[in-house]
Undergrad: 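This is the structure I have questions about; it appears just below.
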Amino acid sequence: MPKPIIAIPADIREFDGTHWHAAQNQYVRAALKVAGVMSFIIPAFEDGNETDALLDRVDGLLVSGSATNVHPALYGAEARDSDGPFDPARDATTLPLIRRAIERGIPLFAICRGIQELNVALGGTLASEIQEQEGVWDHRKPQHDDRDVVYSIRQDVIVAEGSCIARYLGTAGSIQVNSLHRQAISKTAPGLQVEALAEDGTIEAVSVIDAKGFAIGVQWHPEYWAETDSPSRALFEAFGDAVRAYAKSKA
Ligand SMILES: N[C@@H](CCC(=O)NCCCC(=O)O)C(=O)O
């Protein structure tokens, strides 16, 4: 059986004087090397993408991290300059893909910005600049030239007993993860259950209640160390197994 294919929605990035539809290597590499699946990078458009036609052609959806933020208008909040940068084309592409993947039982793995999009797609809200809240740790991206330092594993999160993620990891309790975000889930969407918390109470993972299959979001970045870090590898292997099972069921 050929490797199944997942969709990874692109960011709109600007360099060399033009706009690009881009996805970072760490996501497509973890998908191929650890999950054992190939990736289609989905262009980001505010209109014109046909969600079901895209999902008909893949066996999973991985929604990646990004330096941009979900537009506050999508969760009923006012947009302040400090809430940017924004990527409305990505928002318009990912939210419908997330909703339809869940409805169709297509495996969904949402990472960092992805968990925030998942929460907003299902009716939840986000908090911005969480490090400014009393008692909240600074979860922001470390400023360093070495990307391994930026994505260094530096935070404990507690995985809930009986959670989907505990099943995929083979254990509940404390694991160590990286952290590169200034937003987080504020009101958890009705269809989501919290799967892991940071020690300061920040929601670090969710799963879709009564999902037809693999459907989780994590605030950290398992893709970056997926080849060497056990919890990261376990999540990507579980995602790959779910994608292969979905592909087989379609066949
Ligand atoms: N922008 C949101 C989501 C954070 C996120 O996806 N971080 C990944 C950073 C990738 C990069 O900067 O290269 C937030 O800040 O909460």
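All ligand and atom numbering here is 1-based and tracks the order in the structure. None of the values given here were measured: they were computed from a predicted structure. Basis for what follows: all heavy atoms, side chains included, without hydrogens, waters or symmetry-related copies.
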Undergrad: Mind jotting down which residue pairs meet the salt bridge (charged side-chain N to carboxylate O under 4.0 Å, His left out) criterion with at least one end in residues 212-226? Sequence neighbours excluded, please.
TA: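 Sorted result for residues 212-226: empty, none.
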
Undergrad: Can you confirm whether more than 12 heavy atoms, excluding those of Glu14, are under 6.0 Å from its CD atom?
TA: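 More than 12 within 6.0 Å, yes.
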
Undergrad: Which of the atoms of ligand 1 are close to Lys141, meaning less than 4.0 Å from one of its heavy atoms?
TA: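 Taking each heavy atom of Lys141 in turn, ligand 1 has 11 (C), 12 (O), 13 (O) under 4.0 Å.
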
Undergrad: Relative to the heavy atoms of Thr68, which atoms of ligand 1 are at a distance of less than 4.0 Å?
TA: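 Those qualifying, in numeric order: 1 (N), 2 (C).
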
Undergrad: Which of the listed options, Ser64, Ser66, Pro85, holds the heavy atom that is closest to atom 6 (O) of ligand 1?
TA: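 Ranked by closest heavy atom to atom 6 (O) of ligand 1, first place is Ser66.
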
Undergrad: For atom 15 (O) of ligand 1, find the nearest protein heavy atom and state the residue, atom name and distance (0.1 Å precision).
TA: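 Nearest neighbour among protein heavy atoms for atom 15 (O) of ligand 1, to 0.1 Å: Arg182 N, 3.0 Å.
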
Undergrad: Which of the numbered atoms in ligand 1 are below 4.0 angstrom from a heavy atom of His221?
TA: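 Answer, ordered by atom number: 7 (N), 8 (C).
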
Undergrad: Measure the acute angle between the ring planes of Tyr151 and His221, then classify it against the limits of 30° and 60° as parallel, tilted or perpendicular.
TA: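 Judged by the thresholds at 30° and 60°, the geometry between Tyr151 and His221 is perpendicular.
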
Undergrad: Counting only nitrogen or oxygen atoms and a 3.5 angstrom limit, does Gln219 reach ligand 1?
TA: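 Not met; the criterion fails.
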
Undergrad: Provide the number and element of each atom of ligand 1 under 4.0 Å from a heavy atom of Gln24.
TA: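 Within the 4.0 Å cut-off of Gln24, ligand 1 contributes 13 (O).
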
Undergrad: Atoms of ligand 1 less than 4.0 Å from Asn69 heavy atoms?
TA: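 This gives 1 (N), 2 (C), 14 (C), 15 (O) as the contact atoms.
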
Undergrad: Hey, mind stepping through Gln131 and Glu129 against side-chain hydrogen bond (donor to acceptor under 3.5 Å, both in side chains) and telling me if it holds?
TA: CA-CA 5 Å; Gln131 67 281 351; Glu129 305 310 330; 2.7 Å; yes

Undergrad: In terms of heavy-atom contacts, does CG of Asp47 have more than 12 from other residues, nucleotides or ligands at under 6.0 Å?
TA: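 No.
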
Undergrad: Tell me which protein heavy atom sits closest to atom 4 (C) of ligand 1, plus the residue, atom name and distance to 0.1 Å.
TA: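 That would be Cys112 SG, 3.2 Å.
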
Undergrad: Tell me the protein heavy atom at minimum distance from atom 16 (O) of ligand 1, and give that distance in Å.
TA: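 Sorting protein heavy atoms by distance from atom 16 (O) of ligand 1 puts Gln183 N, 2.9 Å first.
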
Undergrad: In the protein, which heavy atom is nearest to atom 10 (C) of ligand 1, and how far is it?
TA: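 Of every protein heavy atom, Tyr151 OH, 3.5 Å lies nearest to atom 10 (C) of ligand 1.
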
Undergrad: So does Asp148 have more than 12 non-hydrogen atoms from other groups sitting under 6.0 Å from CG?
TA: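 Above 12, so yes.
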
Undergrad: Are Thr18 and Asp16 close enough that a side-chain donor and a side-chain acceptor fall under 3.5 Å?
TA: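 The criterion, which ignores hydrogens and geometry beyond distance, is not satisfied for Asp16 and Thr18.
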
Undergrad: Quiz question: by atom type and distance under 3.5 Å, do the side chains of Thr68 and Arg113 form a donor-acceptor pair?
TA: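 Yes.
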
Undergrad: Evaluate the ring planes of Phe15 and Trp20, with Trp represented by its six-membered ring, and classify them as parallel (under 30°), tilted (30 to 60°) or perpendicular (over 60°).
TA: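 Parallel: the ring planes of Phe15 and Trp20 meet at under 30°.
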
Undergrad: Within a distance under 4.0 Å of any heavy atom of Leu180, pick out the atoms of ligand 1 and give their elements.
TA: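 Listed by number with element, the hits are 4 (C), 5 (C), 7 (N), 8 (C).
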
Undergrad: Relative to the heavy atoms of Gly65, which atoms of ligand 1 are at a distance of less than 4.0 Å?
TA: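 Those atoms are 6 (O).
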
